[in-house]
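Below is one structure; the comments refer to it alone.
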Amino acid sequence: MSKFSKKRGKASPAISTASLPDIIFMLLFFFMVVTVLRDAELKVKVTTPYATELTKLEEKSLVNYLYIGRPLQKFQALYGTKPRLQLGDKFATIADIPLFLEKHKIKVPESRHGQITSSLRVDGEVTMGIVQDVKTQLRKSGQLKVNYSAKKRPTKGRR
Amino acid sequence: MAKTSARDRMSNEINAGSMADIAFLLLIFFLVTTTIVEDKGITVKLPPWSEEEPDITRLKERNVFSVLVNAQDQLLVRGEIMAVDRLREQAKIFIANPYNRPDMAERPTKAIISLKNDRGTSYNAYLEVYNELKAAYNELWDEMSQRQYGIPYSEDMPFAYRKAIRDEIPFVLSEAEPTAFGEE
């Protein structure tokens with residue numbers, strides 16, 4: 001009996017925090033791995049449509065992004081409300097696509113040039129006209145692997 | 001005597017308390033900058049560009065499944081108006097032709113899906129139609145895979161199996177140059 005009461009009196013209240021950094025580091029590494037640093041600030045409104053037959057883009061370094069949508073409110077005074085193309089972080093025209101693709105290509109080892117995918121992040125409300133023009137330009141530039149960016153549809157669809 | 005006691009005091013462990021703070025700082029930085037981007041989409045292979053006019057080969061009408069999407073996002077499938085949620089099922093029947101109907105594909109290898117849209121078609125509608133057509137093929141592949149190998153069709157099944165299935169039911173979707181009636 002006396003044993004227990006003695007122990008309680010002696011117990012030091014401080015919990016060792018030595019392992020706290022380890023836990024934090026674990027969290028840190030997790031976030032470092034999943035992080036994709038936003039390389040471009042979106043200047044057009046892009047809400048991608050829903051779809052079911054999706055494939056995942058595996059390697060980020062082999063992907064270049066083309067954004068198509070209406071300019072955001074703050075750019076509308078300058079660029080109007082018609083759907084526009086954005087390459088990198090600025091507005092562009094169809095004619096800028098070949099240079100944009102080349103600039104991305106030099107960052108990729110030559111043996112992997114065939115695996116480069118263009119991700120088309122297109123707003124659902126946009127009409128096909130501009131999308132078609134972009135597609136034609138991509139074909140002319142020999143960039144044939146294209147991914148229509150879409151979100152997973154939550155309910156519909158069996159697969 | 002005094003020396004040893006001093007060394008004893010020195011050999012106490014280093015205070016690692018501030019390590020957590022540093023790690024926290026980094027953690028918060030990454031938390032803020034993280035956008036777990038869902039990089040998913042429908043992958044397509046565009047046909048190479050050629051300046052020449054495509055040579056017109058007459059295809060048998062029974063082998064062509066024509067899908068037209070107009071500027072009002074309405075669907076015309078083989079000359080009939082159709083709702084988009086029936087498209088998948090109809091495309092599947094057309095490709096597989098389980099009852100050997102004379103107006104549907106002779107064989108899956110001969111089936112051609114022809115998709116044509118307008119410049120005024122909304123991207124939403126276009127992608128939905130494309131998705132349904134792709135889904136039709138995916139379901140056919142899956143059914144065949146289940147029948148022959150007893151496993152679902154997926155990217156990581158043996159390559160030979162996948163190739164056998166893809167040879168049997170090849171994905172042929174040809175996109176025509178869009179019309180320009182409804183350009184905004």
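A note on names: the letters A, B, ... follow the listed sequences, proteins ahead of strands, and every chain is numbered from 1.
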Between [X] and [Y], what is the ring plane arrangement, given parallel below 30°, perpendicular above 60°, and tilted in between?
{"X": "Y67(A)", "Y": "Y65(A)", "answer": "parallel"}
{"X": "Y137(B)", "Y": "F171(B)", "answer": "perpendicular"}
{"X": "Y123(B)", "Y": "Y148(A)", "answer": "perpendicular"}

Mind ranking N117(B), D73(B), I42(B) by heavy-atom pairs under 4.5 Å with chain A and telling me who comes out on top?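 Going by pairs under 4.5 Å, I would pick I42(B).
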
Residue [X] versus chain B: region with a heavy atom under 4.5 Å:
{"X": "K135(A)", "answer": "both"}
{"X": "Q143(A)", "answer": "backbone"}
{"X": "V131(A)", "answer": "side chain"}

Test of understanding: with salt bridge (charged side-chain N to carboxylate O under 4.0 Å, His left out), list the residues that count as partners of R101(B), not counting sequence neighbours. D103(B)

Going by salt bridge (charged side-chain N to carboxylate O under 4.0 Å, His left out), name the residues that satisfy it together with K60(B), two or more places apart in sequence or in a different chain. E106(B)

Of all of [options], which one pairs up most often with chain B through heavy atoms under 4.5 Å apart?
{"options": "D123(A), D133(A), N147(A), T136(A)", "result": "N147(A)"}
{"options": "I68(A), L57(A), T55(A)", "result": "T55(A)"}
{"options": "G142(A), S119(A), G124(A), A51(A)", "result": "G124(A)"}

Quick check on [X] against chain A: is it the side chain, the backbone, both or neither that has a heavy atom closer than 4.5 Å?
{"X": "L26(B)", "answer": "both"}
{"X": "P47(B)", "answer": "both"}
{"X": "E175(B)", "answer": "side chain"}
{"X": "Y126(B)", "answer": "side chain"}

Please check if atom CZ in F75(A) has more than 12 non-hydrogen atoms from other residues, nucleotides or ligands closer than 6.0 Å. yes

Does the side chain of R166(B) pick up a donor-acceptor pair with the side chain of Y153(B) at under 3.5 Å? yes

Check ion pair K92(B)-E139(B) (N to O, under 4.0 angstrom): yes

